[in-house]
Structure formats: C-alpha cells, structure tokens
Number of protein chains: 2
Amino acid sequence: MTPLSITQAQMTRDPDQPDDNRPTLAEVARIAGVSEITASRALRGGTHVARATLERVQTAARAINYMPNRLAGTLAGGASRQVAVVLPSLSNSVFSDVLHGLETRLEQAGHHPILGVSNYDPLREERLVSDLLSWRPAGLVLAPAVSTAETRRLLAGSGVPIVEIMDVDPAPIDTTVGLSQRAAGRAMAHYLLGRGYRRLAYAGHDISTDPRALSRLQGLQDGLAEAEVTLAATVLLPGPSSVPLGRDAVGQLLQDCPVGAGHDRLVVCFSNDDMAVGGMFHALSAGLDVPGDLALAGFNGLAIGQALPLPLTTIASRRVEIGELAGAALLARVAGKPVEKVQDVGFRLVIGATT
Amino acid sequence: MTPLSITQAQMTRDPDQPDDNRPTLAEVARIAGVSEITASRALRGGTHVARATLERVQTAARAINYMPNRLAGTLAGGASRQVAVVLPSLSNSVFSDVLHGLETRLEQAGHHPILGVSNYDPLREERLVSDLLSWRPAGLVLAPAVSTAETRRLLAGSGVPIVEIMDVDPAPIDTTVGLSQRAAGRAMAHYLLGRGYRRLAYAGHDISTDPRALSRLQGLQDGLAEAEVTLAATVLLPGPSSVPLGRDAVGQLLQDCPVGAGHDRLVVCFSNDDMAVGGMFHALSAGLDVPGDLALAGFNGLAIGQALPLPLTTIASRRVEIGELAGAALLARVAGKPVEKVQDVGFRLVIGATT
DNA sequence: GCAAATCATGACAGCGCTGTCAATTATGTT
DNA sequence: AACATAATTGACAGCGCTGTCATGATTTGC
C-alpha cells in the first residue's frame, strides 16, 4: 500500500499506537505521502487539493479504516455539528414528534442532537443547559419548562444560536418557532361559544409546571370572558398527562357536573389530546352520548384523536414542522444567515364529531 | 478579585481573548493563583487539593462564569460522557419510551445521548453509526434496523461498549438488553390457541424493514404451526405502523375474511398496539361485536390499549426498563465492571377483553 | 528526633485536528 | 518567452484540557 517513493513526510515521527490503536490523520497522511493538513483538506470537501492527491488520500484513509475524530476537529476550530436539545418530556408524543422533525433536519446537514430531558423540572433544565453547553454545540434548541433566571443567563451568554420552540408568546431570548398557545386556547373558546355551548369545564394534568398548557387554559378563559362565561368546573389531577389520567379526570369531573337529561349540555376542554382521548373512553364506557350529553375538546391534533370512532374536536399543532423549522433556523443562524426572530407556524381548528 | 500577592503563575502569558471570550481554565488558574492542573483537579472531584485551594479555585471559576470545555477535556484523555444512540424511529412511542428510560439513567451519571434516527433505513443507520462514533462516545446503544455488514464491522471495531436493545435473539455484537420477540409471538399463539381460536389473521405495517415485528410474526406462526394451524389471512400495508393504518388494515382484511353470524370467530393479530387500537376503532365504527365477531390482539402493552373501553389483549414489553438497563449496562461497561452478555427482561401476556 | 510515608502542587507533553500564512509549482496571457 | 495569476502544498502554532511524573511541604512512626 505504501508508495515506493520515499518522501520526507514518511520519515517523520511514527506515531506508535498506544492501547487505543485508532488510526489518526497523521497516519493517513504518511501513507498517502502528504502532510497532515493536505490530508485534512482532502478528507473534507477536497477543495484546494489536486485530484490525484485527493484520491491518494482517500484510498489511504479507506485502507486503514480511518475515522476522523470530531472532538479534535471541533476543538481545533471546526464548527461543532452538535446541537443541544432540551425537552421537558418524552412521555408525551408531542415532543417525540418535534424531536423527530428536528433530528431529520439536522441530520440532513450532518448535525446531531445531544439530548436532555428535564421532566418539567426547572433545576434539572438548568443543569442540562449548562451540561450540554459545555460540549460547545453549534446551537441549542429548547422547549422551555418554567425556566430559571440562571438558565436564561446561561443561554443568553452562551454565544451560540438559541431556538426556543412551541410557544411564540414569551419574548424570545434569541429566536423562537412555534404557535401562540394563548391564541389557540382563545380560538377554542370562540369556536365553542359560537357552537352554542355555555357550560364548559376544564380537565387537565398538572399544568403548574407546563407553561404551554397553562397558556392555553388562560387563552380559553380569556375567550370565554369576552362572552362573560366562566368555567363551570375545573379538575386538575397531579402527574403528567396521559390517556388514563384523562379518563380519571372526566370521571371525577362528572361527579360535580351532572350531565344527561335535564341538564345543559356540557363541554369539557382538556389540557391536550391524550387527556381528551381518555375522556372519550370514559364516555364510551359510561354509555354517555357524545356530544349530546357530553362534548369533548382536546388540543394537539394527534392521530389517535382523529382515529377515534368519533373524531375529536381539537386544535392541531404542527409539531414535526416546528422541529424541522427549528432545525432550519438553527442551521441558518450557524451559517450566518439572517433568521426571523419569531416564526409563528399557526394552528388549525379541527372540528370533529365530539362537539 | 485578583489576590494581591503576585505569583509567578500570574505573570505567565495573558490569554488575550479573541472574538470568543469564553473564559478558560487558564484564566481561572491565574485568578486563583494556582497552576492550570491544580485548577483542573479542584474543579472536578477536588481530590489531591487542599481545602483552601479548592475553595479559591471554585470562587474564581464562579466569578468569571467559567464553563469547562468538554471537547478539550475528552480529547486530552478524559472519559467521554457522551453516548451514541441509534434508533430506527421516533414516531412509534416504543422508542421514545426506551429513549426516555435511557436518557434518565445516563443523566444520573452525567452522560448525555447523541441521537440518530435511521427510519429503518440500513444505509442511513450505517452512516449514523459512523458519524456518531466519530464523536468518540463512551459507548453506543442501538436498536438495530436491518443492519449492514459494514455497520456491524464499525461497531465491532469501535473499541467502545455496544449495547443492542429490544431483541435478545440475534447474537450480540457485544451486549444486549431486551426480550425474545420470537418467544413473544409464540406466547401469543399459545394463548390464542388455548383460548380456542382456530381462525387467525395478521394485520401489519411494512415489516420487511422492521426485524422485530418480523420476528414476532414468525414466532406467532411457529406457535400456530405446533398445532397445525396457519394464518387464514395476512394484510401488510406499506408505511410505518400507526393507528389509522391499523384501522385501514382491518377494513381491508375483513373483505376477505367475513365475520359475524354464520362464520367462525376470527382473531386478528396486529404487528403492534398502535395498529390494534386502529383495528378496535374500526370494529367500533362498524358496529362489530368484540370479541364475539372479531377478536383483537396487539403487542407492546401501550397505555392507550389498556385505556380502551375494552382493554386490549396484548403482550407488554418493558420499554422504559429496557432503556434504563441499557444505560446501566453501558455505564457499567465504561466503568470496567463485568456485564451479562444478554439481559432478557422478558414480557408479560396481558389478557384484556378483546379476545 | 530523624527516616519514611503522605500530601499538595506544578512542569511538561500531548490528545488529533484545523486556521493562517507563506512557499512552491502549474497555468494562462500577449 | 517573460511575467502575472492561480492552484497546490506545507510549516507552524495552538484549540483547552488532562495524564504522568517529579518536586517540595508536611506529617507520622518508633
């Protein structure tokens, strides 16, 4: 494999492989009979390298199964190609969807997410942001929990592009991609009022740590207030949202809010679709007439809600797209291109058969 | 802030901050009046450092908002604390559950996943493995798609611990955590046969790229073959599994397999719970008697299946636990502790009301 | 009280790679 | 053919940190 013509480069120090025998760029260069820097240039892009040299280096690299060490490359001045991603949860499919879109977009550009999950814990979020930034990522994508001041300080002082996702209402630290959670809640209120409902209840999970669910509820209340309507009842159950929790929540709610003959029809707004699907299951089990006795409205537009025998009325968010756009925004920022501070992807009211 | 006593260390080169003004360890050391290496030791663990020095260094670090550069640390010989994770999908909640468990366990040890999603594409998986390994992670966790020989070569030659997850049947490259997909399929066959079913059908997504769904189907067929029963019909729809797809699959299946009065009762086995829930929704919409006319069996034991008005018969896999155990196994390997080659977490037949 | 052990600290080198700038060679122009 | 321009290559230094070994300071044992 080694070319016969002995050059100076081939005589320089022979990197004795220690215990870790991974080949280095120096070895590739030696075999190809070029300097390290030329090998480096050949292996990326190949600009400013003669075609013959390029091929010689590539052949050498392949021959010894060379794999670049990106730690070294990044430390030496290359762009990082890692993107820190901090999410509040993975049990809710909302964030796996976002992550999916984000990963797809990043991968197209050869970037990879380093992931942190805060479980809606502000201190954990803070630690994650700090930990992940210490890897000197190209940027950071954050679906904020209730962030601490220290978290915001870390982000603002990080010197890398920050993309906050999901809610466009809070003032962005840098850039934001999402929808107006508050407007979404309001839109639901308007729709339900327009539909003639005047008796509304709310069933949610522990929204004290979930700022977006809280914003939606506030938007809902705002919208109702405009018509001087208030929520007839509210049930908040501890723990993260889930189908079973929604089922329980409705069960509990109906103890205070009787439905059926002799009662005004009731519509329950849920903190999200998972909860609403649970509510639907309760209604099915209890033999309630939906939407005659009990109407249901969710939020997110998950596939499951639309596959129900009665498609769920909900507000569809564009989660995968938010992930993709967040990735695109980050990559654009990294490339020095200008990016809109706020990208509102909007939402869509999905009128199902449950209202 | 700077101590008044001028020491030699303070006179050495003043690192002029370029455009990137992030403080370095050298600056912390200078302010604390110690050498870099002492500052380094003080900032991690604090072993072999006098208490007074330790506090001085920590104070200095805090004063200038020092944040370590882990790229440099890892390159210089520290352990990586990044773990490559390659999954075939994120649209299925199975893998978000696994990722959740994994991330939780890793985070406890200050490690973070770098994520890649292959979409069940072998070549993409190969590229991801290669890309992620170039970050010199402490280890790699893989839920394999149909892996290429090159992928296996990369993994075997990586020199870091590899944990394959989800299926314990294939021979592990290094270590594996999961369950026997084949045995799970077989267990379902035995249960259904024992329950008296003799007319069975299968409804699945595109399982040609999903080795585990394929193994379960094979296990199912193995189990049926023992009683000389064969599948009466099979419907495979293109695309990834989803609730709507399951609904469609059953609709299509019933065109060939009539059910109801005058027909033997039929049980449909689905490639997973998502599909089965879709099937259930179809049955509800079509007014079919479940399980009288049509029985349904899923796989995975997702919460959604259990929250249905009729809880789904399924086989519960321990996904979060698999993630946690995979993380634990990896961390143990990194720490040089011995780890079982194969960890079979088993599965649990969940007898619902749909069979 | 003095050798032997322990503790605290630092000098040095280097992890593997890339940016900058300079040197060399090939190509084009009239 | 002589010069200007471009293409190709390399030397050098250093990114920020940590392992190893050596040194001086301090304590312990009998």
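Predicted model only: the values in this text are computed from it and were never measured. Chain letters run A, B, ... following the sequence lines, proteins first, then strands; residues in each count from 1.
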Side chain of [X] only, heavy atoms from C-beta on: which candidate in [options] is closest?
X	options	answer
A:L25	C:dC17, D:dT9, C:dG10	C:dC17
A:H48	D:dT8, C:dT9, D:dA11	D:dT8
A:T24	D:dG10, C:dC17, D:dT18	C:dC17
A:V49	C:dT18, C:dA11, D:dT9	D:dT9

Residues forming a salt bridge (charged side-chain N to carboxylate O under 4.0 Å, His left out) with B:E107, sequence neighbours excluded: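 Salt bridge (charged side-chain N to carboxylate O under 4.0 Å, His left out) list for B:E107, sorted by chain: A:R124, A:R127.
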My understanding is that only residues two or more places apart in sequence, or in another chain, count here; which of them pass salt bridge (charged side-chain N to carboxylate O under 4.0 Å, His left out) with A:E340?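 So A:E340 forms no salt bridge (charged side-chain N to carboxylate O under 4.0 Å, His left out) with any residue.
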Could I get the full list of side chain to side chain contact (heavy atoms under 4.5 Å, CB included) partners for B:T151, not counting sequence neighbours? B:E125, B:E126, B:V129, B:S147, B:T148, B:L155
Report the residues that fulfil side chain to side chain contact (heavy atoms under 4.5 Å, CB included) with B:A42, sequence neighbours left out, ordered by chain and then residue number.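 Result, side chain to side chain contact (heavy atoms under 4.5 Å, CB included) vs B:A42: B:V49, B:L54, B:V57.
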Return the value, rounded to whole Å, for the distance between atom [atom1] of [X] and atom [atom2] of [N].
X	N	atom1	atom2	value
A:R81	C:dC17	CZ	C1'	15 Å
B:E36	D:dC17	CD	P	7 Å
A:L43	C:dG16	CG	C1'	13 Å
B:L54	C:dT9	CG	P	10 Å
A:R51	D:dA6	CZ	P	21 Å
A:R30	D:dG10	CZ	C1'	18 Å
A:I37	C:dC21	CD1	P	14 Å

Could you go through residues 159-166 of chain B and list every donor-acceptor pair under 3.5 Å that involves a side-chain atom there, pairing it with any protein atom two or more places apart or in another chain?
{"from": "B:E164", "atom 1": "OE1", "to": "B:I173", "atom 2": "N", "distance (Å)": "2.8"}

Once hydrogens and angles are ignored, does a donor-acceptor distance under 3.5 Å link the base of D:dG10 to the side chain of A:R41? yes
Kindly express the pairing pattern of DNA chain D in dot-bracket notation, using | wherever a base pairs with another strand and counting only Watson-Crick or G-U pairs under 3.5 Å. ||||||||||||||||||||||||||||||
Please tell me if B:S40 has a side-chain N or O lying less than 4.0 Å from either OP1 or OP2 of D:dT18. yes
Considering just the side-chain nitrogens and oxygens of B:T38, establish if one lies under 4.0 Å of OP1 or OP2 belonging to C:dT9. no
With the threshold set at under 4.0 Å for non-hydrogen atoms, list the residues of residues 65-80 of chain A touching DNA chain C in residue-number order. A:Y66, A:P68, A:N69, A:A72, A:G73, A:A76
Under the salt bridge (charged side-chain N to carboxylate O under 4.0 Å, His left out) definition, can you give me all pairs with a residue in residues 59-88 of chain A, not counting sequence neighbours?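 Every salt bridge (charged side-chain N to carboxylate O under 4.0 Å, His left out) pair that includes a residue of residues 59-88 of chain A, provided the two are not neighbours, is A:R70-B:D131.
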Output for pair (B:W135 CH2, A:S80 OG), nearest 0.5 Å, gives 4.0 Å
Who passes side chain to side chain donor-acceptor pair (under 3.5 Å) against A:R105, sequence neighbours left out? A:Q108
Hey, are A:N65 and B:R153 close enough side-chain-wise for a donor-acceptor pair under 3.5 Å?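 B:R153 vs A:N65: donor-acceptor pair found between side chains.
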